[in-house]
Amino acid sequence: MSTILEKISAAVFAGDSEKTESLVQKGLDENVSVKEILDNGLVLGMGEVGARFKRGEMFVPEVLMSAEAMHTGLELLRPLLAESNIDRSGKIMLATVKGDLHDIGKNLVGMMCEGEGFEVVDLGFNVGPDVIVEKIKEHQPDIVGLSAMLTTTMRAMGHTIKAIEEAGLRDKVKVIVGGAPVDKEFADRIGADGYGSNAVAGPELARQLLGK
Amino acid sequence: MRTNYRVNSGVRFRMLSDDQLQELVDGVLHVLEYTGLDVYHEESRDILKKAGAWVDGIRVRIPSHLVRKSLDLAPRSFTVFSRDGNPKNNINIGPGRAHFGPGPTCPNFIDVESMERRPYVKSDVPLVAKVVDALPNIDFCESLGTVNDVHHELGATYEFAGMFPNTSKPIVAWSYDYDDSVDIHKIAVAEAGGQEAFERRPNYIHYCEPLSPLVSTEDALNKLVFAAKHRIPLIFTPCPIAGGTAPVTAAGIITQAAAESWMGLTIAQALQPGLPFIMGGVLSVMDMSSMILAYGAPELSLFMAGLTELAHYVGLPLWQTGGCTDSKTLDEQAAIEGSLSVYFSALSGGDLCHDVGYTESAMTGSVFQLAMMDESIGYARRITRGIEVNEETLAVEVIDNVGPNGHFLREQHTRDHYRTEFWYPNLCDRRNYEEWEMMGSTPMRDRVVARVHDILATHEPSPIKPETEKVIEEVLAAAEDRVREK
């Protein structure tokens, strides 16, 4: 029983999507519990990846491969997770703020979050505060993640948070920010709930804020 | 199919034209033929005379045809082998290859615990060798010091005995004279499995230093003759100082240094045709206010680049110099002088670049400077490795796949190449501010010190054979007996 979980964990760690998928299926066929597969297989493997990334022993392309492998495994588990009433995920809405066409960093955060089981709603780039407010009402996310690449557009993050406040939605969502020119001091100044310095930090930050 | 396609794959530079290099060669030949050198060694004078040189008392002049013949006999490419058979630690000398290592004989050392400057002692030797063994961009070993706490004739013997078990990277062995050269050779030969086995796969290089201007000293030639007879790869490296013991001009000091080194070459090739010979030396300026030989001077790098081009023009490998500083401590001056000379040395493609880890104008050896320069050498090596151009690296298909506003992080192409295309620092910090703060807000200096302490606490060099350990004990005991009455 333990070996299949170890293998799943190892496949996620190795970033092998195909192997992860077939092993998760095998685990389910062998009646290993969904919770076991998730906690002691997928999450364990991804946890090791995160720890090594932090120590500078793994690099972004490998982390992305592992995130993809985890995502593949999770897709198999998702219907069963709902049945078993295991709620691990939260909903994250992502957008690059108004005036900024930089998409990549935000997409990476999305991939990492999906990989770790979050539901991701991506609004794309150059998204104005009014659109973000509307979409919060529509999707009711737990977290709104704002991205900006330029010192000229990072101010729009502040404007967006203000618009969310004015719409009376500020206590309904956590707002996190990131992007090349952003640092913690700026995040605090504009009243964000959290700041991530890179894509890999995204899901960890989300989990902290949601207490998961 | 490509045809008649020319590849330049590394960043290299060349300063002097063929015409200029030929003029330098002619200058060297002129000095050797018409001025000559004083040779304080009877056996060498006899060897030279037999080979066709003109001997007048101690003054020896060499006709240019004899020098040319000697240049032809010496190989441009050869291998110095690791003592334990690890091919990663072999040094393959040849065109387009630059190797790095420390230098010998500093009187002082930066204590690895107190960080204070004090006389170099016997117990420092294994530490230096261990650090050399662990650092990925350091290729050969010297001790960074003269052992002060043993009999004054046995420093080099203890030095080699302390280095040899603690690194399998080839050692460049400095010695005082004949007797300690014999001690060193006994140890190396024991590990190689006898003299014949050593000649097939030499595991160290012998280092001799003549005197500038234009003197081949008795001890330097005692050592040279011993090395040549035993087919030990040989460095013959003068240390002229521009404006003091050599002409003040770059071309002048290069000409004189080459003449001094080629005297050694001629003797060595007459004794042992085809002996691997590495041309020296260390060329720099006399600082006209402090009178030191400046190890951090831009002229050092420039003179050494000129000397390298001359050596390669005549088909010899060169004993390069870099990674050294006049600074007294591990500071910004040490980083600037060390890094620039390392980079310049790598660009010129000098074959063995020594004195990495010298501080205070060669007065004080420092493993901290050595460890910091390991990072600079890695950096320089990534640049000199250059740009590879082919269908795979052009990535036209990958660019097409990703298209506008996509990203490359998920591409197999990225995964296949990011580890080899990029250089990853060991000491330079690229973290964001918060993470850097979380890790203790360390400056470079602290990270260098931590790396050295980590190596000393954890690194295990590959062991020498038990029989070699016994030979080392015997050699040291016999050496102590030899000097008892002195």
Side-chain angles (χ1 to χ4, degrees), chain A residues 14-18 50 52-69 71-72 96 100-112 114-115 122 124-126 147 149 177-188 194-201 204-205, chain B residues 134-137 371 374-375 378-379 382 392-393 395 397-444 446-448 450-451 454-455 457-458:
Chain A
D16 190 333
S17 292
E18 274 175 44
R52 293 207 188 199
F53 177 76
K54 269 197 175 163
R55 293 202 299 269
E57 294 165 12
M58 278 180 90
F59 299 99
V60 173
E62 294 159 321
V63 176
L64 283 178
M65 282 171 82
S66 293
E68 279 177 40
H71 185 60
T72 316
T96 302
D100 201 323
L101 309 183
H102 293 87
D103 211 18
I104 295 163
K106 170 200 54 108
N107 290 352
L108 292 176
V109 174
M111 278 173 60
M112 291 306 306
E114 271 183 351
D122 189 346
F125 51 90
N126 191 18
S147 170
M149 171 70 189
V177 294
V182 181
D183 60 13
K184 188 163 185 325
E185 207 201 323
F186 175 80
D188 291 342
Y195 151 76
S197 64
N198 59 57
V200 180
E204 195 183 315
L205 178 63
Chain B
L135 291 173
N137 293 301
D374 179 72
E375 186 83 339
Y379 191 116
R382 175 61 193 100
E392 171 70 10
T393 61
E397 253 182 68
V398 186
I399 294 168
D400 184 63
N401 279 344
V402 170
N405 214 8
H407 71 81
F408 293 82
L409 275 165
R410 259 165 107 174
E411 295 301 307
Q412 188 59 43
H413 188 259
T414 306
R415 290 167 188 172
D416 288 346
H417 296 291
Y418 80 93
R419 278 179 179 275
T420 48
E421 276 292 295
F422 300 172
W423 172 72
Y424 294 86
N426 284 308
L427 294 170
C428 291
D429 180 82
R430 294 177 177 177
R431 281 185 276 249
N432 63 44
Y433 192 87
E434 287 84 7
E435 280 175 30
W436 174 75
E437 214 174 20
M438 218 164 64
M439 300 299 287
S441 310
T442 57
M444 180 72 171
D446 293 3
R447 298 194 293 271
V448 171
R451 178 119 203 259
D454 181 56
I455 288 171
T458 60

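Side chains are part of it too, since the values below use all heavy atoms of this structure and drop only hydrogens, waters and symmetry mates. Order of the sequence lines fixes the chain letters, A, B, ..., with proteins taken first and strands second; residue numbering starts at 1 for each chain.
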Study note, to complete from the structure: Per-residue tally against chain A (heavy atom, under 4.5 Å) across B/R431, B/E411, B/E434 peaks at B/E434
Review point. Are any non-hydrogen side-chain atoms of B/R419 and A/E62 less than 4.5 angstrom apart?
Key: yes
Review point. Between A/M111 and chain B, which part of the residue has a heavy atom less than 4.5 Å away: side chain, backbone, both or neither?
Key: side chain
Exercise for review: Go through A/M65, A/K54, A/E185, A/H102 and name the one with the most non-hydrogen pairs under 4.5 angstrom from chain B.
Suggested key: A/M65
Point to revise | Most contacts with chain B, counted as non-hydrogen pairs under 4.5 angstrom, among A/I104, A/L101, A/D183 | key: A/I104
Review point. For atom CD of A/E18, is the number of surrounding heavy atoms from other residues, nucleotides or ligands below 6.0 Å larger than 12?
Key: no
Check your understanding: Using a distance-only test with no angle check, is there a side-chain donor-acceptor pair under 3.5 angstrom linking B/E397 and B/H413?
Key -> no
Review point. For B/Y418, is it the side chain, the backbone, both or neither that has a heavy atom under 4.5 Å from a heavy atom of chain A?
Key: side chain
**Study point:** Aromatic ring pairing A/F59/B/Y424, orientation class (parallel under 30°, perpendicular over 60°, tilted between)
**Key:** tilted
Exercise for review: Evaluate side chain to side chain contact (heavy atoms under 4.5 Å, CB included) for A/L64 paired with A/M112, printing each intermediate quantity in order.
Suggested key: CA-CA 7 Å; A/L64 283 178; A/M112 291 306 306; 3.8 Å; yes
